[in-house]
Amino acid sequence: MGIENKSPETTMGRRGFLKGAALAGAAAVAAAAMPGCSSPKSQTQSAEATQASTHPSGYMCSEDWLGEAPSIDESKITDVISADVVVCGSGHSGTQAALAAAEEGASVVVLEARNVDSDTGYLHYYGQEFGHFNSQWLINQGYGPYDTGEIVSEFCRRGGNRVSPAIIRAFVDNCGEAFDHFISLIPSDNHMLEMGPKGELGLHIAYGRNPEDYPIEMGGYKTWVGDAMFWGKYSDEPVNGVGAMSNISEAESFQVAEAQRLGAKWYYGTTAVVCTQNGDGDVTGVIAKGEDGSYIKFEAAKGVILATGDMGQNGEMIWNLITEVPEWCERQGVEAGSVTAMTMNDGSGLKMGCWAGGYIEPGPRPTMSMGGGGGGPWGTAPFLWVNAEGKRYMNEAVTVGAFAATLRQPIGTVATVTDSKWLTTVQRASIDHGAPNYTRPQYYDDLVTDMSAVVAAGAQGAPVRTCTIAERMQSTVYGADDLETALKYAGYEGDALKEALATVARYNELCYAGSDADFGKDAEVMIPIDEPPFYVAPSSNEAKGVAGLVTLAGLMTDENLNVIRPDYTRIKGLYAVGNCLGQRFGNAYSTPTAGVSIGMAMTHGRVCGKTVANL
């Protein structure tokens with residue numbers, strides 16, 4: 001990781017423990033990989049062009065990550081299956097696309113490379129939440145209805161205006177209905193719908209805030225309540241498995257069952273390898289490969305929907321396309337192509353769109369690389385952060401910029417520094433992704449319990465459970481009755497120690513003055529560090545880029561999610577959703593409510609399924 005916590009048992013959000021699972025699953029990528037596709041109007045370069053360049057036309061990179069489109073001899077095709085809509089991939093977006101299309105009366109087939117889990121009887125879906133706005137479920141709890149135009153504008157600003165406002169609007173305007181429909185398919189007596197302090201369905205809210213207090217504005221950015229969390233049963237122990245507490249896979253099984261009841265057919269263990277196109281370049285279907293090596297042609301009368309996920313396990317694509325990541329990594333001696341994200345997807349669906357004539361959105365191309373700042377169990381809360389030289393370096397309330405700003409610091413320790421008033425800062429945090437989460441007040445109680453043991457642990461520090469996400473990760477926190485000792489425990493010494501002490505003194509002056517004249521942090525979170533005991537929670541900056549949980553760079557489409565060519569002509573019959581869809585996050589993953597990666601996938605999938613079914 002480019003920015004990670006100091007101790008082996010210390011993590012920053014889900015990324016740390018997901019990394020191990022992603023690497024362990026790398027060997028299974030070939031079996032789990034989803035489609036590629038070919039076209040008579042291929043983007044792949046001609047022989048003459050290849051002599052002059054080794055990269056695909058239209059991309060500023062050094063290698064041919066795209067390659068030639070697969071070609072399957074018709075004689076190898078053993079069966080032909082026709083449907084109105086062919087959905088490639090059965091993740092969050094593909095499932096909703098298939099369900100929506102079936103509900104509109106279309107015949108639907110879904111091609112899914114994986115097989116259902118033998119224990120549960122359904123597929124595993126990653127994640128735990130459905131970020132959205134203005135559902136009746138939210139409104140009934142007092143959260144909304146919110147001004148959708150204001151939310152669209154906030155998304156655009158967080159994305160550096162390198163997004164498609166129309167695609168963002170398609171999410172914001174439709175996500176409430178999509179969520180209400182999603183939970184309507186879960187039986188009313190199901191355990192997943194239980195709410196309350198230890199219930200399995202939660203809502204990410206801030207401590208002590210009333211519904212009328214939203215949006216919270218901090219660091220110049222706004223956040224609204226909208227993150228519904230399917231996070232499973234409460235556990236007071238750290239959980240080290242991927243999604244071990246999330247029950248969203250079970251929730252998704254009801255969506256699949258309803259689509260199948262309406263006639264949609266799932267082809268498990270079936271990997272799409274080629275999109276078929278006619279002489280005009282229209283996509284007419286997909287040729288897929290079964291586990292036995294046989295090929296089947298799936299004809300799509302209305303359209304093919306790409307829902308195959310990101311390029312997370314394709315190091316070559318990441319190295320050539322997510323340019324900020326390899327530039328940081330190469331400067332630190334990281335081997336080319338070795339950087340991957342924490343999913344099992346290999347970018348085949350993105351290649352499918354490119355071979356058909358589409359293009360991946362231009363740079364900067366985003367990934368879900370969050371975190372940054374100092375360490376600790378409180379997530380993205382606005383504490384004082386000091387770098388390896390003991391210096392403060394940013395407005396800590398701007399969680400949007402924490403990762404990028406921390407990468408630009410001297411290599412080594414980056415730490416959170418606080419005192420006996422630490423809980424006040426946690427309680428005043430926003431609800432950005434990874435922020436303290438009062439959905440389960442028990443998590444705050446656990447935090448207080450764990451922090452009470454820190455000082456007595458001395459130089460060893462003590463593990464403290466997070467108050468952010470379901471997977472009870474823990475961080476090491478050091479504490480002492482004097483600030484200098486606490487800083488020494490965390491690894492500061494010499495000039496860096498002197499600088500850190502001076503930094504805290506300067507920070508206190510700004511807090512007493514009621515104005516952050518150095519970086520402009522909101523006055524309400526300028527809390528002086530002057531009452532013992534003092535606490536320091538270290539993380540580490542290695543100045544290496546990371547691909548994070550998933551990559552988020554996708555195909556260019558119009559507002560209807562129809563894949564387009566560079567001249568903006570639509571590729572008839574080809575659509576993209578989920579992490580195959582571009583123009584959603586701009587510079588990096590930053591959203592005005594948490595859970596939006598999955599929320600967008602589900603919502604755009606539902607919108608697209610309806611669109612294609614009604615062609």
Side-chain angles (χ1 to χ4, degrees), residues 127-158 168-186 188 192-219 221-231 246-248 251 379-381 399-400 426-444 467-470 524 590-604 606:
Q128 64 187 37
E129 48 207 330
F130 190 142
H132 71 285
F133 307 94
N134 292 349
S135 66
Q136 193 59 51
W137 182 79
L138 282 172
I139 293 169
N140 290 345
Q141 298 176 73
Y143 299 104
Y146 298 133
D147 184 324
T148 54
E150 186 180 11
I151 295 171
V152 170
S153 179
E154 180 69 19
F155 267 103
C156 294
R157 195 155 58 89
R158 285 173 176 259
I168 299 300
R169 182 183 173 192
F171 162 66
V172 175
D173 285 353
N174 293 285
C175 58
E177 185 276 335
F179 179 79
D180 285 332
H181 183 268
F182 184 84
I183 61 172
S184 74
L185 296 178
I186 302 173
S188 59
M192 282 182 290
L193 298 180
E194 178 187 354
M195 297 190 70
K198 293 187 179 181
E200 296 186 46
L201 176 61
L203 181 60
H204 190 166
I205 58 175
Y207 179 92
R209 304 274 187 167
N210 298 313
E212 60 270 20
D213 295 334
Y214 298 92
I216 297 172
E217 185 166 356
M218 188 170 293
Y221 294 88
K222 298 176 182 178
T223 52
W224 288 262
V225 170
D227 183 20
M229 308 182 74
F230 294 83
W231 55 5
S246 172
N247 53 22
I248 202 166
T380 53
T399 60
V400 174
V426 172
Q427 292 170 339
R428 292 183 184 177
S430 71
I431 52 171
D432 281 271
H433 194 108
N437 187 345
Y438 200 61
T439 299
R440 276 182 170 155
Q442 182 66 46
Y443 280 15
Y444 278 60
C467 65
T468 55
I469 58 176
E524 67 174 303
S590 175
T591 65
T593 198
V596 167
S597 176
I598 294 174
M600 272 199 185
M602 292 191 184
T603 303
H604 285 138
R606 183 163 174 77

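Nothing here was measured: the structure is a model prediction, and the numbers come from that model.
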### Query
Taking all atoms of both residues into account, what is the closest heavy-atom pair of Trp231 and Asn437, and its distance?
CZ3-ND2, 3.8 Å
### Query
When rounded to the nearest 0.5 angstrom, what is the spacing between OG in Ser135 and CD in Gln141?
8.0 Å
### Message
Tell me whether Asp213 contacts the main-chain N or O of Asn210 through its side chain, where contact means a donor paired with an acceptor under 3.5 Å.
### Response
yes
### Task
For residues Met229 and Arg440, determine if any side-chain heavy atom of one lies less than 4.5 Å from a side-chain heavy atom of the other.
no
### 4.5 Å side-chain heavy-atom contact, Ile183 and Phe230
yes
### Message
If we ignore hydrogens and angles and just use 3.5 Å, is the side chain of Glu154 paired with the main-chain N or O of Pro592 as donor and acceptor?
### Response
no
### Message
Return the CG to CG distance between Asp180 and Asn140, rounded to the nearest 0.5 Å.
### Response
8.0 Å
### Task
For the pair Thr593 and Ile151, evaluate side chain to side chain contact (heavy atoms under 4.5 Å, CB included) and give the outcome as yes or no after the intermediate values.
CA-CA 10 Å; Thr593 198; Ile151 295 171; over 6 Å; no
### Task
Report the distance from atom CE of Met602 to atom CG of Asn174, rounding to the nearest 0.5 Å.
15.0 Å
### Summary
Interatomic distance, CD1@Ile431 vs CE@Met218, rounded to 0.5 Å, equals 10.5 Å
### Task
Check the angle between the aromatic planes of Tyr146 and Phe133 and answer parallel, tilted or perpendicular using the 30° and 60° thresholds.
perpendicular
### Query
Is there a side-chain contact between Ile216 and Arg209 (heavy atoms, below 4.5 Å)?
yes
### Message
Would you compute the distance between atom CG of Asp173 and atom OG1 of Thr148 and round it to the nearest 0.5 angstrom?
### Response
5.0 Å
### Query
Between Glu150 and Pro215, which heavy-atom pair has the shortest distance, and what is it?
OE2-CG, 4.3 Å
### Query
How many angstroms lie between OG1 in Thr439 and NE2 in His204, if you round to the nearest 0.5 Å?
6.0 Å
### Query
Quick one: does Asn134's side chain have a donor or acceptor within less than 3.5 Å of a partner on Gly176's backbone?
no
### Message
I want to check something: taking the side chain as every heavy atom from C-beta on, are Arg158 and Asp432 in contact at a cut-off of under 4.5 Å?
### Response
yes
### Summary
Scanning both residues in full, the closest heavy-atom pair of Met192 with Ile186 reads CE-CG2, 3.8 Å
### Summary
Here the pair of heavy atoms bringing Glu129 nearest to Ala594 is OE1-CB, 4.4 Å
### Query
At their closest point, which heavy atom of Ala228 faces which heavy atom of Leu203, and how far apart are they?
N-CD1, 4.3 Å
#### Entry: Verdict with supporting geometry, Val426 and Tyr207, side chain to side chain contact (heavy atoms under 4.5 Å, CB included)
CA-CA 8 Å; Val426 172; Tyr207 179 92; over 6 Å; no
### Task
With the side chain counted from C-beta on, respond yes when Tyr221 and Thr399 share a heavy-atom pair under 4.5 Å apart, and no when they do not.
no
## Note on the structure
Nearest heavy-atom approach of Ser590 to Val400 is OG-CG2, 3.1 Å
### Message
Please evaluate residues Leu138 and Trp224 with respect to the criterion side chain to side chain contact (heavy atoms under 4.5 Å, CB included), reporting the C-alpha separation (whole Å), side-chain torsions for both, the decisive distance (0.1 Å), and the verdict.
### Response
CA-CA 11 Å; Leu138 282 172; Trp224 288 262; over 6 Å; no
### Task
Tell me, please, which residues at least two apart from His132 pass ring-ring contact (aromatic ring centres under 6.0 Å, His included).
Phe130, Phe179
